[in-house]
Protein chains: 2
Amino acid sequence: MTRTSPDIRVAVSTVIFTLRPAAGGAALSLPLVRRTRDPFEGRWALPGGWLDPDEGLDAAAARTLAETTGLAPNYLEQLYAFGDVDRSPSRVVSIIYWALLRHDLVDQQRAAHAAAGTAPENVQWFDADSLPELAFDHNAIVDYALWRLRNKVGYSRIAHGLLPDEFTLADLREVYESILSRKLDPANFRRQVEATGTLIPTDRFRTGSHRPARLYRYDGAVELAARGPISTPDSTNRNEER
Amino acid sequence: MTRTSPDIRVAVSTVIFTLRPAAGGAALSLPLVRRTRDPFEGRWALPGGWLDPDEGLDAAAARTLAETTGLAPNYLEQLYAFGDVDRSPSRVVSIIYWALLRHDLVDQQRAAHAAAGTAPENVQWFDADSLPELAFDHNAIVDYALWRLRNKVGYSRIAHGLLPDEFTLADLREVYESILSRKLDPANFRRQVEATGTLIPTDRFRTGSHRPARLYRYDGAVELAARGPISTPDSTNRNEER
DNA sequence: TCAAAAGTGTTCTGATTACACCCATGG
DNA sequence: CCATGGGTGTAATCAGAACACTTTTGA
(Lines give C-alpha, C1' and ligand atoms only; values in the text may rest on other atoms or scores of the structure.)
Protein backbone atom coordinates (compact mmCIF):
# COMPACT_ATOMS: atom_id res chain seq x y z
CA MET A 1 0.00 0.00 0.00
CA THR A 2 2.92 2.36 -0.54
CA ARG A 3 2.40 3.19 -4.19
CA THR A 4 0.20 5.99 -5.37
CA SER A 5 -1.46 5.98 -8.77
CA PRO A 6 -0.86 9.40 -10.27
CA ASP A 7 -1.13 8.86 -14.00
CA ILE A 8 -4.38 6.93 -13.98
CA ARG A 9 -7.49 8.87 -14.82
CA VAL A 10 -11.05 7.89 -13.97
CA ALA A 11 -13.83 8.36 -16.50
CA VAL A 12 -17.54 7.69 -16.18
CA SER A 13 -19.72 6.75 -19.15
CA THR A 14 -23.28 5.56 -19.58
CA VAL A 15 -25.10 3.20 -21.91
CA ILE A 16 -28.61 4.63 -21.93
CA PHE A 17 -31.38 2.79 -23.73
CA THR A 18 -34.75 3.87 -24.92
CA LEU A 19 -37.40 1.99 -26.87
CA ARG A 20 -37.99 3.72 -30.17
CA PRO A 21 -41.34 3.00 -31.86
CA ALA A 22 -40.71 1.14 -35.08
CA ALA A 23 -42.57 -0.87 -37.66
CA GLY A 24 -43.37 -4.30 -36.28
CA GLY A 25 -42.64 -3.63 -32.64
CA ALA A 26 -40.23 -1.29 -30.92
CA ALA A 27 -36.45 -1.08 -31.22
CA LEU A 28 -33.87 -0.56 -28.50
CA SER A 29 -31.77 2.45 -29.33
CA LEU A 30 -29.09 4.48 -27.60
CA PRO A 31 -27.40 7.85 -28.06
CA LEU A 32 -23.75 8.09 -29.01
CA VAL A 33 -21.45 11.10 -29.14
CA ARG A 34 -19.05 11.79 -31.96
CA ARG A 35 -15.54 12.31 -30.64
CA THR A 36 -13.88 15.60 -31.51
CA ARG A 37 -10.53 14.83 -29.92
CA ASP A 38 -7.43 12.86 -30.43
CA PRO A 39 -7.98 9.22 -29.54
CA PHE A 40 -10.55 7.91 -32.02
CA GLU A 41 -11.45 11.38 -33.33
CA GLY A 42 -14.53 11.16 -35.51
CA ARG A 43 -15.64 7.83 -34.09
CA TRP A 44 -18.83 7.40 -32.09
CA ALA A 45 -18.47 6.80 -28.36
CA LEU A 46 -20.58 6.42 -25.24
CA PRO A 47 -21.58 9.67 -23.54
CA GLY A 48 -19.37 10.33 -20.53
CA GLY A 49 -16.59 12.40 -19.06
CA TRP A 50 -13.99 12.63 -16.34
CA LEU A 51 -14.83 12.00 -12.74
CA ASP A 52 -14.78 15.15 -10.67
CA PRO A 53 -12.75 15.00 -7.43
CA ASP A 54 -15.72 16.30 -5.47
CA GLU A 55 -18.55 14.15 -6.80
CA GLY A 56 -19.59 10.54 -6.33
CA LEU A 57 -19.75 8.01 -9.13
CA ASP A 58 -23.53 8.08 -9.50
CA ALA A 59 -23.53 11.85 -9.62
CA ALA A 60 -20.77 11.83 -12.20
CA ALA A 61 -22.74 9.47 -14.41
CA ALA A 62 -25.80 11.69 -14.27
CA ARG A 63 -23.79 14.86 -14.79
CA THR A 64 -21.71 13.68 -17.73
CA LEU A 65 -24.77 12.19 -19.36
CA ALA A 66 -26.60 15.51 -19.04
CA GLU A 67 -23.62 17.52 -20.24
CA THR A 68 -23.05 15.47 -23.36
CA THR A 69 -26.59 14.51 -24.35
CA GLY A 70 -28.96 16.65 -22.28
CA LEU A 71 -30.71 13.53 -21.06
CA ALA A 72 -31.85 12.61 -17.55
CA PRO A 73 -32.52 8.88 -17.09
CA ASN A 74 -35.44 7.15 -15.38
CA TYR A 75 -33.21 4.38 -14.16
CA LEU A 76 -29.47 4.37 -13.56
CA GLU A 77 -27.28 1.55 -12.35
CA GLN A 78 -23.57 0.87 -12.30
CA LEU A 79 -22.58 -1.76 -14.86
CA TYR A 80 -18.88 -2.54 -14.58
CA ALA A 81 -15.47 -0.97 -14.23
CA PHE A 82 -13.31 -1.42 -17.32
CA GLY A 83 -9.61 -0.94 -16.79
CA ASP A 84 -7.51 -2.92 -19.23
CA VAL A 85 -4.15 -1.28 -19.79
CA ASP A 86 -4.52 -1.06 -23.56
CA ARG A 87 -8.11 0.08 -23.81
CA SER A 88 -6.96 3.64 -24.39
CA PRO A 89 -3.64 5.27 -25.40
CA SER A 90 -3.42 6.85 -21.97
CA ARG A 91 -4.32 4.92 -18.84
CA VAL A 92 -8.04 5.32 -18.15
CA VAL A 93 -10.29 3.37 -15.82
CA SER A 94 -13.89 3.76 -16.95
CA ILE A 95 -16.75 3.25 -14.54
CA ILE A 96 -19.63 2.38 -16.83
CA TYR A 97 -23.28 2.88 -15.98
CA TRP A 98 -26.33 1.72 -17.83
CA ALA A 99 -29.62 3.53 -17.86
CA LEU A 100 -33.18 3.52 -19.16
CA LEU A 101 -35.20 6.44 -20.46
CA ARG A 102 -38.85 6.60 -21.48
CA HIS A 103 -39.16 7.52 -25.11
CA ASP A 104 -41.71 10.27 -24.48
CA LEU A 105 -39.14 11.97 -22.25
CA VAL A 106 -36.51 11.74 -24.95
CA ASP A 107 -38.69 13.89 -27.16
CA GLN A 108 -39.67 16.14 -24.29
CA GLN A 109 -36.12 16.77 -23.15
CA ARG A 110 -34.97 17.32 -26.71
CA ALA A 111 -37.70 19.90 -27.22
CA ALA A 112 -36.80 21.65 -23.98
CA HIS A 113 -33.15 21.90 -24.97
CA ALA A 114 -34.04 23.15 -28.42
CA ALA A 115 -36.21 25.87 -26.92
CA ALA A 116 -33.45 26.88 -24.50
CA GLY A 117 -30.86 26.90 -27.24
CA THR A 118 -28.82 24.26 -25.44
CA ALA A 119 -29.32 21.45 -27.92
CA PRO A 120 -26.40 19.05 -27.56
CA GLU A 121 -23.98 18.75 -30.44
CA ASN A 122 -22.65 15.62 -32.08
CA VAL A 123 -25.26 13.33 -30.58
CA GLN A 124 -27.07 10.70 -32.61
CA TRP A 125 -29.32 7.78 -31.76
CA PHE A 126 -28.48 4.31 -33.06
CA ASP A 127 -30.34 1.03 -33.04
CA ALA A 128 -28.72 -1.20 -30.45
CA ASP A 129 -28.46 -4.14 -32.82
CA SER A 130 -26.74 -2.28 -35.64
CA LEU A 131 -24.01 -0.09 -34.19
CA PRO A 132 -21.02 1.23 -36.09
CA GLU A 133 -17.51 0.51 -34.92
CA LEU A 134 -17.15 2.57 -31.76
CA ALA A 135 -14.22 4.21 -30.03
CA PHE A 136 -12.21 2.37 -27.36
CA ASP A 137 -13.81 -0.88 -26.17
CA HIS A 138 -17.26 0.61 -26.31
CA ASN A 139 -18.73 -2.05 -28.61
CA ALA A 140 -17.97 -4.72 -26.03
CA ILE A 141 -19.36 -2.49 -23.31
CA VAL A 142 -22.67 -2.05 -25.12
CA ASP A 143 -22.85 -5.81 -25.63
CA TYR A 144 -22.41 -6.31 -21.92
CA ALA A 145 -25.06 -3.70 -21.11
CA LEU A 146 -27.50 -5.40 -23.47
CA TRP A 147 -26.79 -8.73 -21.84
CA ARG A 148 -27.43 -7.25 -18.41
CA LEU A 149 -30.64 -5.59 -19.58
CA ARG A 150 -31.99 -8.80 -21.08
CA ASN A 151 -31.06 -10.72 -17.98
CA LYS A 152 -32.56 -8.24 -15.59
CA VAL A 153 -35.84 -7.84 -17.40
CA GLY A 154 -36.50 -11.47 -16.53
CA TYR A 155 -36.44 -11.07 -12.78
CA SER A 156 -37.15 -7.42 -12.03
CA ARG A 157 -39.49 -4.63 -12.97
CA ILE A 158 -37.02 -2.46 -14.83
CA ALA A 159 -39.35 -2.47 -17.85
CA HIS A 160 -41.08 0.34 -16.02
CA GLY A 161 -38.09 2.54 -16.76
CA LEU A 162 -39.13 2.52 -20.41
CA LEU A 163 -42.83 3.29 -19.96
CA PRO A 164 -44.82 6.43 -19.19
CA ASP A 165 -46.84 6.71 -15.99
CA GLU A 166 -49.89 5.03 -17.46
CA PHE A 167 -49.74 2.18 -19.91
CA THR A 168 -51.70 -0.80 -21.15
CA LEU A 169 -50.70 -4.38 -20.67
CA ALA A 170 -49.99 -4.52 -24.38
CA ASP A 171 -47.55 -1.62 -23.95
CA LEU A 172 -45.78 -3.46 -21.17
CA ARG A 173 -45.73 -6.67 -23.12
CA GLU A 174 -44.22 -4.89 -26.10
CA VAL A 175 -41.35 -3.70 -23.90
CA TYR A 176 -40.60 -7.25 -22.87
CA GLU A 177 -40.95 -8.57 -26.40
CA SER A 178 -38.62 -5.92 -27.77
CA ILE A 179 -35.94 -6.52 -25.18
CA LEU A 180 -36.17 -10.30 -25.36
CA SER A 181 -36.74 -10.43 -29.13
CA ARG A 182 -39.53 -12.96 -28.87
CA LYS A 183 -43.31 -12.98 -28.70
CA LEU A 184 -45.07 -13.58 -25.40
CA ASP A 185 -48.52 -15.06 -24.89
CA PRO A 186 -50.84 -12.14 -24.02
CA ALA A 187 -53.01 -14.24 -21.72
CA ASN A 188 -50.15 -15.68 -19.70
CA PHE A 189 -48.31 -12.38 -19.65
CA ARG A 190 -51.34 -10.70 -18.15
CA ARG A 191 -51.66 -13.22 -15.37
CA GLN A 192 -47.97 -13.15 -14.56
CA VAL A 193 -47.70 -9.41 -14.15
CA GLU A 194 -51.01 -9.29 -12.28
CA ALA A 195 -49.67 -11.93 -9.90
CA THR A 196 -46.72 -9.73 -8.94
CA GLY A 197 -49.09 -7.29 -7.26
CA THR A 198 -47.04 -4.30 -8.36
CA LEU A 199 -49.49 -3.17 -11.04
CA ILE A 200 -52.26 -0.81 -10.08
CA PRO A 201 -55.25 -0.72 -12.44
CA THR A 202 -56.71 2.71 -13.12
CA ASP A 203 -60.27 3.42 -14.17
CA ARG A 204 -59.08 4.88 -17.43
CA PHE A 205 -58.90 3.12 -20.75
CA ARG A 206 -57.03 3.65 -23.94
CA THR A 207 -59.44 3.84 -26.81
CA GLY A 208 -58.88 4.25 -30.50
CA SER A 209 -57.98 0.91 -31.90
CA HIS A 210 -60.51 -1.77 -31.03
CA ARG A 211 -61.74 -2.85 -27.66
CA PRO A 212 -60.44 -0.29 -25.14
CA ALA A 213 -57.57 -1.50 -22.99
CA ARG A 214 -57.33 -0.68 -19.31
CA LEU A 215 -54.53 1.66 -18.29
CA TYR A 216 -52.30 0.60 -15.43
CA ARG A 217 -49.60 2.32 -13.42
CA TYR A 218 -46.83 0.91 -11.28
CA ASP A 219 -46.86 0.95 -7.52
CA GLY A 220 -44.33 3.69 -6.85
CA ALA A 221 -43.52 2.22 -3.46
CA VAL A 222 -41.94 -0.84 -5.03
CA GLU A 223 -38.37 -0.69 -6.18
CA LEU A 224 -37.66 -1.14 -9.85
CA ALA A 225 -35.13 -3.87 -9.18
CA ALA A 226 -34.22 -5.94 -6.15
CA ARG A 227 -31.24 -4.26 -4.55
CA GLY A 228 -28.73 -5.79 -2.24
CA PRO A 229 -27.44 -4.05 0.86
CA ILE A 230 -26.38 -1.07 -1.22
CA SER A 231 -28.31 2.02 -0.33
CA THR A 232 -30.06 4.01 -3.02
CA PRO A 233 -28.66 7.52 -2.83
CA ASP A 234 -31.07 9.56 -4.93
CA SER A 235 -34.30 9.07 -6.84
CA THR A 236 -32.64 7.32 -9.74
CA ASN A 237 -32.24 3.80 -8.58
CA ARG A 238 -28.95 2.09 -8.16
CA ASN A 239 -28.56 -1.62 -8.51
CA GLU A 240 -26.29 -4.49 -9.23
CA GLU A 241 -25.89 -7.65 -11.14
CA ARG A 242 -28.05 -10.48 -10.11
CA MET B 1 -14.46 16.09 -21.59
CA THR B 2 -11.92 18.81 -20.86
CA ARG B 3 -11.17 18.11 -17.24
CA THR B 4 -8.55 15.65 -16.07
CA SER B 5 -8.78 13.89 -12.72
CA PRO B 6 -5.38 14.22 -11.10
CA ASP B 7 -6.05 13.89 -7.41
CA ILE B 8 -8.19 10.79 -7.56
CA ARG B 9 -6.46 7.53 -6.77
CA VAL B 10 -7.64 4.06 -7.75
CA ALA B 11 -7.40 1.19 -5.30
CA VAL B 12 -8.28 -2.47 -5.77
CA SER B 13 -9.42 -4.68 -2.89
CA THR B 14 -10.84 -8.18 -2.63
CA VAL B 15 -13.35 -9.94 -0.41
CA ILE B 16 -12.13 -13.52 -0.49
CA PHE B 17 -14.18 -16.23 1.17
CA THR B 18 -13.34 -19.70 2.27
CA LEU B 19 -15.42 -22.29 4.07
CA ARG B 20 -13.80 -23.11 7.38
CA PRO B 21 -14.78 -26.46 8.91
CA ALA B 22 -16.66 -25.84 12.11
CA ALA B 23 -18.84 -27.65 14.57
CA GLY B 24 -22.29 -28.18 13.08
CA GLY B 25 -21.49 -27.37 9.48
CA ALA B 26 -18.94 -25.06 7.92
CA ALA B 27 -18.52 -21.32 8.38
CA LEU B 28 -17.78 -18.67 5.77
CA SER B 29 -14.68 -16.78 6.74
CA LEU B 30 -12.45 -14.18 5.15
CA PRO B 31 -9.01 -12.71 5.76
CA LEU B 32 -8.56 -9.12 6.84
CA VAL B 33 -5.43 -7.01 7.12
CA ARG B 34 -4.69 -4.75 10.05
CA ARG B 35 -3.93 -1.24 8.87
CA THR B 36 -0.57 0.19 9.89
CA ARG B 37 -1.11 3.62 8.37
CA ASP B 38 -2.92 6.82 8.94
CA PRO B 39 -6.53 6.53 7.95
CA PHE B 40 -8.07 3.97 10.30
CA GLU B 41 -4.70 2.82 11.66
CA GLY B 42 -5.13 -0.33 13.73
CA ARG B 43 -8.51 -1.19 12.18
CA TRP B 44 -9.06 -4.28 10.06
CA ALA B 45 -9.54 -3.75 6.35
CA LEU B 46 -9.96 -5.72 3.15
CA PRO B 47 -6.73 -6.85 1.49
CA GLY B 48 -5.87 -4.59 -1.41
CA GLY B 49 -3.59 -1.91 -2.72
CA TRP B 50 -3.12 0.76 -5.34
CA LEU B 51 -3.71 0.07 -8.98
CA ASP B 52 -0.49 -0.01 -10.96
CA PRO B 53 -0.43 2.11 -14.14
CA ASP B 54 0.74 -0.86 -16.15
CA GLU B 55 -1.63 -3.59 -14.97
CA GLY B 56 -5.28 -4.37 -15.58
CA LEU B 57 -7.90 -4.45 -12.86
CA ASP B 58 -8.08 -8.25 -12.61
CA ALA B 59 -4.32 -8.50 -12.39
CA ALA B 60 -4.23 -5.82 -9.75
CA ALA B 61 -6.75 -7.70 -7.64
CA ALA B 62 -4.72 -10.90 -7.85
CA ARG B 63 -1.45 -9.09 -7.18
CA THR B 64 -2.59 -7.06 -4.19
CA LEU B 65 -4.30 -10.08 -2.72
CA ALA B 66 -1.09 -12.08 -3.02
CA GLU B 67 1.07 -9.27 -1.66
CA THR B 68 -1.04 -8.68 1.42
CA THR B 69 -2.22 -12.20 2.24
CA GLY B 70 -0.17 -14.62 0.15
CA LEU B 71 -3.37 -16.14 -1.22
CA ALA B 72 -4.26 -17.09 -4.79
CA PRO B 73 -8.01 -17.51 -5.36
CA ASN B 74 -9.87 -20.25 -7.21
CA TYR B 75 -12.49 -17.82 -8.43
CA LEU B 76 -12.23 -14.06 -8.88
CA GLU B 77 -14.87 -11.66 -10.09
CA GLN B 78 -15.34 -7.93 -10.01
CA LEU B 79 -17.99 -6.87 -7.48
CA TYR B 80 -18.54 -3.13 -7.67
CA ALA B 81 -16.77 0.20 -7.88
CA PHE B 82 -17.15 2.28 -4.73
CA GLY B 83 -16.44 5.95 -5.13
CA ASP B 84 -18.36 8.11 -2.69
CA VAL B 85 -16.54 11.34 -1.99
CA ASP B 86 -16.44 10.84 1.77
CA ARG B 87 -15.54 7.17 1.95
CA SER B 88 -11.93 8.08 2.67
CA PRO B 89 -10.14 11.25 3.84
CA SER B 90 -8.44 11.48 0.45
CA ARG B 91 -10.32 10.80 -2.76
CA VAL B 92 -10.14 7.09 -3.55
CA VAL B 93 -12.15 5.05 -6.01
CA SER B 94 -12.01 1.39 -4.98
CA ILE B 95 -12.61 -1.36 -7.48
CA ILE B 96 -13.73 -4.25 -5.32
CA TYR B 97 -13.41 -7.89 -6.28
CA TRP B 98 -14.81 -10.92 -4.58
CA ALA B 99 -13.20 -14.32 -4.62
CA LEU B 100 -13.45 -17.91 -3.45
CA LEU B 101 -10.69 -20.16 -2.17
CA ARG B 102 -10.78 -23.83 -1.27
CA HIS B 103 -9.96 -24.35 2.37
CA ASP B 104 -7.38 -27.03 1.68
CA LEU B 105 -5.48 -24.50 -0.42
CA VAL B 106 -5.60 -21.96 2.38
CA ASP B 107 -3.66 -24.36 4.55
CA GLN B 108 -1.40 -25.37 1.69
CA GLN B 109 -0.51 -21.80 0.71
CA ARG B 110 0.01 -20.85 4.32
CA ALA B 111 2.42 -23.75 4.79
CA ALA B 112 4.30 -22.82 1.62
CA HIS B 113 4.73 -19.24 2.77
CA ALA B 114 5.83 -20.32 6.22
CA ALA B 115 8.45 -22.61 4.72
CA ALA B 116 9.68 -19.84 2.42
CA GLY B 117 9.80 -17.34 5.25
CA THR B 118 7.33 -15.07 3.49
CA ALA B 119 4.44 -15.48 5.88
CA PRO B 120 2.21 -12.39 5.57
CA GLU B 121 2.00 -10.04 8.50
CA ASN B 122 -1.07 -8.58 10.12
CA VAL B 123 -3.48 -10.99 8.48
CA GLN B 124 -6.26 -12.70 10.38
CA TRP B 125 -9.30 -14.74 9.39
CA PHE B 126 -12.74 -13.74 10.63
CA ASP B 127 -16.11 -15.40 10.47
CA ALA B 128 -18.17 -13.57 7.87
CA ASP B 129 -21.14 -13.20 10.20
CA SER B 130 -19.25 -11.71 13.11
CA LEU B 131 -16.89 -9.06 11.82
CA PRO B 132 -15.44 -6.22 13.84
CA GLU B 133 -15.91 -2.63 12.80
CA LEU B 134 -13.77 -2.29 9.70
CA ALA B 135 -11.92 0.60 8.09
CA PHE B 136 -13.57 2.80 5.47
CA ASP B 137 -16.88 1.45 4.14
CA HIS B 138 -15.59 -2.10 4.20
CA ASN B 139 -18.38 -3.48 6.38
CA ALA B 140 -20.94 -2.48 3.77
CA ILE B 141 -18.74 -3.90 1.06
CA VAL B 142 -18.53 -7.28 2.76
CA ASP B 143 -22.30 -7.26 3.20
CA TYR B 144 -22.67 -6.67 -0.49
CA ALA B 145 -20.22 -9.43 -1.36
CA LEU B 146 -22.11 -11.84 0.88
CA TRP B 147 -25.36 -10.88 -0.78
CA ARG B 148 -23.86 -11.49 -4.19
CA LEU B 149 -22.41 -14.83 -3.13
CA ARG B 150 -25.73 -16.02 -1.72
CA ASN B 151 -27.52 -14.88 -4.82
CA LYS B 152 -25.09 -16.41 -7.22
CA VAL B 153 -24.92 -19.77 -5.54
CA GLY B 154 -28.56 -20.18 -6.49
CA TYR B 155 -28.09 -20.01 -10.23
CA SER B 156 -24.45 -20.89 -10.94
CA ARG B 157 -21.86 -23.44 -10.04
CA ILE B 158 -19.57 -21.18 -8.03
CA ALA B 159 -19.83 -23.60 -5.09
CA HIS B 160 -17.12 -25.47 -6.93
CA GLY B 161 -14.72 -22.67 -6.04
CA LEU B 162 -14.87 -23.86 -2.44
CA LEU B 163 -14.34 -27.58 -3.03
CA PRO B 164 -11.33 -29.78 -3.82
CA ASP B 165 -11.10 -31.73 -7.05
CA GLU B 166 -13.10 -34.67 -5.81
CA PHE B 167 -15.98 -34.39 -3.40
CA THR B 168 -19.11 -36.18 -2.31
CA LEU B 169 -22.61 -34.88 -2.80
CA ALA B 170 -22.74 -34.34 0.93
CA ASP B 171 -19.67 -32.10 0.66
CA LEU B 172 -21.33 -30.09 -2.07
CA ARG B 173 -24.57 -29.89 -0.16
CA GLU B 174 -22.72 -28.64 2.91
CA VAL B 175 -21.29 -25.77 0.84
CA TYR B 176 -24.75 -24.75 -0.23
CA GLU B 177 -26.16 -25.12 3.26
CA SER B 178 -23.38 -23.03 4.78
CA ILE B 179 -23.75 -20.23 2.28
CA LEU B 180 -27.53 -20.20 2.40
CA SER B 181 -27.75 -20.89 6.14
CA ARG B 182 -30.45 -23.50 5.74
CA LYS B 183 -30.74 -27.24 5.43
CA LEU B 184 -31.42 -28.81 2.05
CA ASP B 185 -33.15 -32.10 1.37
CA PRO B 186 -30.41 -34.58 0.43
CA ALA B 187 -32.66 -36.48 -1.99
CA ASN B 188 -33.84 -33.43 -3.90
CA PHE B 189 -30.39 -31.87 -3.84
CA ARG B 190 -28.92 -34.97 -5.43
CA ARG B 191 -31.43 -34.96 -8.26
CA GLN B 192 -31.05 -31.27 -8.91
CA VAL B 193 -27.28 -31.28 -9.25
CA GLU B 194 -27.38 -34.50 -11.25
CA ALA B 195 -29.85 -32.89 -13.63
CA THR B 196 -27.42 -30.07 -14.43
CA GLY B 197 -25.14 -32.55 -16.18
CA THR B 198 -22.02 -30.76 -14.94
CA LEU B 199 -21.12 -33.40 -12.36
CA ILE B 200 -18.96 -36.30 -13.39
CA PRO B 201 -19.12 -39.38 -11.15
CA THR B 202 -15.83 -41.12 -10.49
CA ASP B 203 -15.42 -44.77 -9.57
CA ARG B 204 -13.94 -43.82 -6.23
CA PHE B 205 -15.75 -43.64 -2.93
CA ARG B 206 -15.13 -41.93 0.34
CA THR B 207 -15.22 -44.44 3.14
CA GLY B 208 -14.81 -44.04 6.85
CA SER B 209 -18.11 -42.91 8.24
CA HIS B 210 -20.97 -45.15 7.24
CA ARG B 211 -22.08 -46.19 3.81
CA PRO B 212 -19.38 -45.03 1.37
CA ALA B 213 -20.30 -42.02 -0.72
CA ARG B 214 -19.39 -41.73 -4.37
CA LEU B 215 -16.83 -39.08 -5.24
CA TYR B 216 -17.66 -36.66 -8.02
CA ARG B 217 -15.73 -34.03 -9.89
CA TYR B 218 -16.86 -31.09 -11.95
CA ASP B 219 -16.76 -30.94 -15.70
CA GLY B 220 -13.80 -28.65 -16.25
CA ALA B 221 -15.14 -27.51 -19.60
CA VAL B 222 -18.07 -25.75 -17.97
CA GLU B 223 -17.66 -22.22 -16.64
CA LEU B 224 -18.14 -21.62 -12.96
CA ALA B 225 -20.56 -18.77 -13.56
CA ALA B 226 -22.17 -17.19 -16.58
CA ARG B 227 -20.68 -13.73 -16.98
CA GLY B 228 -22.10 -12.58 -20.26
CA PRO B 229 -19.88 -11.19 -22.98
CA ILE B 230 -17.07 -10.30 -20.58
CA SER B 231 -14.01 -12.34 -21.28
CA THR B 232 -12.26 -14.19 -18.52
CA PRO B 233 -8.67 -13.02 -18.69
CA ASP B 234 -6.52 -15.50 -16.82
CA SER B 235 -6.61 -18.89 -15.20
CA THR B 236 -7.74 -17.68 -11.80
CA ASN B 237 -11.24 -17.18 -13.13
CA ARG B 238 -11.37 -20.51 -14.78
CA ASN B 239 -12.36 -23.80 -13.43
CA GLU B 240 -9.86 -25.87 -11.59
CA GLU B 241 -7.78 -28.20 -13.69
CA ARG B 242 -8.48 -31.88 -13.51
C1' DT C 1 -27.83 -55.88 14.78
C1' DC C 2 -28.24 -51.10 15.00
C1' DA C 3 -27.36 -46.20 13.88
C1' DA C 4 -26.60 -43.25 10.32
C1' DA C 5 -25.67 -41.68 5.99
C1' DA C 6 -26.20 -42.96 0.86
C1' DG C 7 -29.30 -43.31 -2.47
C1' DT C 8 -34.27 -44.33 -4.81
C1' DG C 9 -39.33 -43.79 -5.42
C1' DT C 10 -43.63 -41.46 -5.04
C1' DT C 11 -46.84 -37.91 -4.28
C1' DC C 12 -48.33 -33.22 -3.98
C1' DT C 13 -48.34 -28.57 -5.26
C1' DG C 14 -47.54 -24.40 -7.74
C1' DA C 15 -45.77 -22.16 -11.84
C1' DT C 16 -45.49 -22.18 -16.79
C1' DT C 17 -47.33 -23.18 -21.23
C1' DA C 18 -50.55 -23.81 -24.92
C1' DC C 19 -54.65 -22.75 -26.72
C1' DA C 20 -59.81 -22.46 -26.95
C1' DC C 21 -63.06 -19.17 -26.22
C1' DC C 22 -65.84 -14.88 -25.17
C1' DC C 23 -66.03 -9.55 -25.12
C1' DA C 24 -66.10 -4.86 -26.91
C1' DT C 25 -65.12 -1.54 -30.13
C1' DG C 26 -64.05 0.93 -34.81
C1' DG C 27 -64.82 0.70 -39.26
C1' DC D 1 -71.38 -7.62 -38.90
C1' DC D 2 -66.79 -8.62 -38.79
C1' DA D 3 -61.90 -8.10 -37.95
C1' DT D 4 -58.98 -7.25 -34.17
C1' DG D 5 -57.08 -6.89 -30.05
C1' DG D 6 -58.74 -7.17 -24.88
C1' DG D 7 -59.58 -10.35 -21.57
C1' DT D 8 -61.07 -15.18 -19.25
C1' DG D 9 -61.02 -20.32 -18.74
C1' DT D 10 -58.82 -24.62 -18.65
C1' DA D 11 -56.10 -28.63 -19.33
C1' DA D 12 -51.25 -30.44 -19.90
C1' DT D 13 -46.69 -30.19 -18.47
C1' DC D 14 -42.77 -29.32 -15.58
C1' DA D 15 -39.94 -28.24 -11.46
C1' DG D 16 -39.59 -28.17 -6.66
C1' DA D 17 -40.82 -29.79 -1.93
C1' DA D 18 -41.93 -33.32 1.27
C1' DC D 19 -41.19 -37.64 2.88
C1' DA D 20 -41.39 -42.80 2.93
C1' DC D 21 -38.43 -46.28 1.86
C1' DT D 22 -34.31 -49.33 0.69
C1' DT D 23 -29.13 -49.97 0.73
C1' DT D 24 -24.65 -50.21 2.75
C1' DT D 25 -21.27 -49.53 5.79
C1' DG D 26 -18.75 -49.01 10.78
C1' DA D 27 -19.12 -49.95 15.25
Side-chain angles (χ1 to χ4, degrees), chain A residues 21-26 150-151 153-157 159 163-164 166-217 226 242, chain B residues 21-26 150-157 159 163-164 166-217 226:
Chain A
R150 295 196 164 112
N151 247 327
V153 81
Y155 64 91
S156 76
R157 311 182 327 147
L163 284 175
E166 291 191 345
F167 50 88
T168 67
L169 289 179
D171 292 338
L172 182 59
R173 180 162 47 86
E174 189 184 31
V175 172
Y176 279 81
E177 291 178 342
S178 301
I179 293 175
L180 300 175
S181 300
R182 68 186 169 95
K183 290 292 177 190
L184 301 175
D185 185 305
N188 297 330
F189 182 82
R190 161 182 299 272
R191 274 182 294 252
Q192 281 170 17
V193 305
E194 278 176 345
T196 66
T198 60
L199 271 196
I200 299 175
T202 71
D203 50 0
R204 302 185 356 106
F205 289 79
R206 173 174 306 161
T207 178
S209 49
H210 290 283
R211 172 173 173 176
R214 184 180 293 276
L215 289 167
Y216 291 79
R217 56 185 178 80
R242 174 177 172 179
Chain B
R150 295 197 164 111
N151 245 328
K152 202 144 194 166
V153 82
Y155 63 91
S156 75
R157 311 181 329 143
L163 284 176
E166 291 191 344
F167 50 89
T168 66
L169 290 180
D171 292 338
L172 183 59
R173 180 163 44 87
E174 188 184 30
V175 172
Y176 278 81
E177 290 178 341
S178 302
I179 293 175
L180 300 176
S181 301
R182 68 187 168 95
K183 290 292 176 189
L184 301 175
D185 184 306
N188 296 331
F189 182 82
R190 161 182 299 271
R191 274 181 296 251
Q192 282 169 17
V193 305
E194 277 176 345
T196 65
T198 59
L199 270 195
I200 298 175
T202 71
D203 52 358
R204 301 181 1 103
F205 289 80
R206 172 173 307 160
T207 178
S209 50
H210 291 284
R211 171 172 175 177
R214 184 180 292 276
L215 288 167
Y216 291 79
R217 56 186 178 79

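Order of the sequence lines fixes the chain letters, A, B, ..., with proteins taken first and strands second; residue numbering starts at 1 for each chain. Being a predicted model, the structure only gives us computed values, none of them experimental.
Along DNA chain D, the nucleotide nearest A:Ala187 and the nucleotide nearest B:Thr207 are compared for position; the residue whose nucleotide lies closer to the 5' end is A:Ala187. Mapping A:Gln192 and A:Pro212 onto DNA chain C by nearest heavy atom places A:Gln192 at the nucleotide closer to the 5' end.
Atoms CZ (B:Arg214) and C1' (D:dT25) sit 15 Å apart, rounded to a whole Å. In this structure, CD of A:Glu174 is placed 11 Å from P of D:dG6, rounded to the nearest angstrom. In this structure, CZ of B:Phe189 is placed 17 Å from C1' of D:dA18, rounded to the nearest angstrom. Between the CG atom of A:Leu215 and the P atom of D:dG6 there is a distance of 12 Å, rounded to whole Å. The CG-C1' distance, from A:Asp185 to D:dT10, rounds to 13 Å in whole Å. The interatomic distance linking B:Tyr176 (OH) with D:dA17 (P) rounds to 13 Å, in whole Å. We find that CZ of A:Arg206 is positioned 11 Å from P of D:dG7, with the value rounded to whole Å. Protein atom CG of B:Leu172 is 15 Å distant from nucleotide atom C1' of C:dA6, rounded to whole Å.
A:Arg173 comes within contact range of the sugar-phosphate backbone alone, with a heavy-atom separation under 4.0 Å but no base atom that close.
Residues A:Asp171 and A:Arg206 form a side-chain contact, since some pair of their non-hydrogen atoms from C-beta on lies under 4.5 Å apart. Between A:Thr202 and A:Glu166 the shortest side-chain heavy-atom distance falls below 4.5 Å. Using a 4.5 Å heavy-atom threshold, the side chains of A:Pro201 and A:Glu194 count as separate.
A side-chain contact (heavy atoms from CB on, under 4.5 Å) with A:Tyr216 is found for one member of A:Leu169, A:Thr168, A:Ile200 and no other, namely A:Leu169.
Listed candidates were C:dA4, D:dG7, D:dT4. Nearest to the side chain of A:His210 is D:dT4.
Judged by atom type and distance alone, A:Arg191 reaches the base of D:dG9 through a side-chain donor-acceptor pair under 3.5 Å.
A sub-4.0 Å separation between OP1 or OP2 of C:dC23 and a side-chain N or O of A:Arg211 is absent.
In this structure, CZ on B:Arg191 lies 7.5 Å from CG on B:Asp185, to the nearest 0.5 angstrom.
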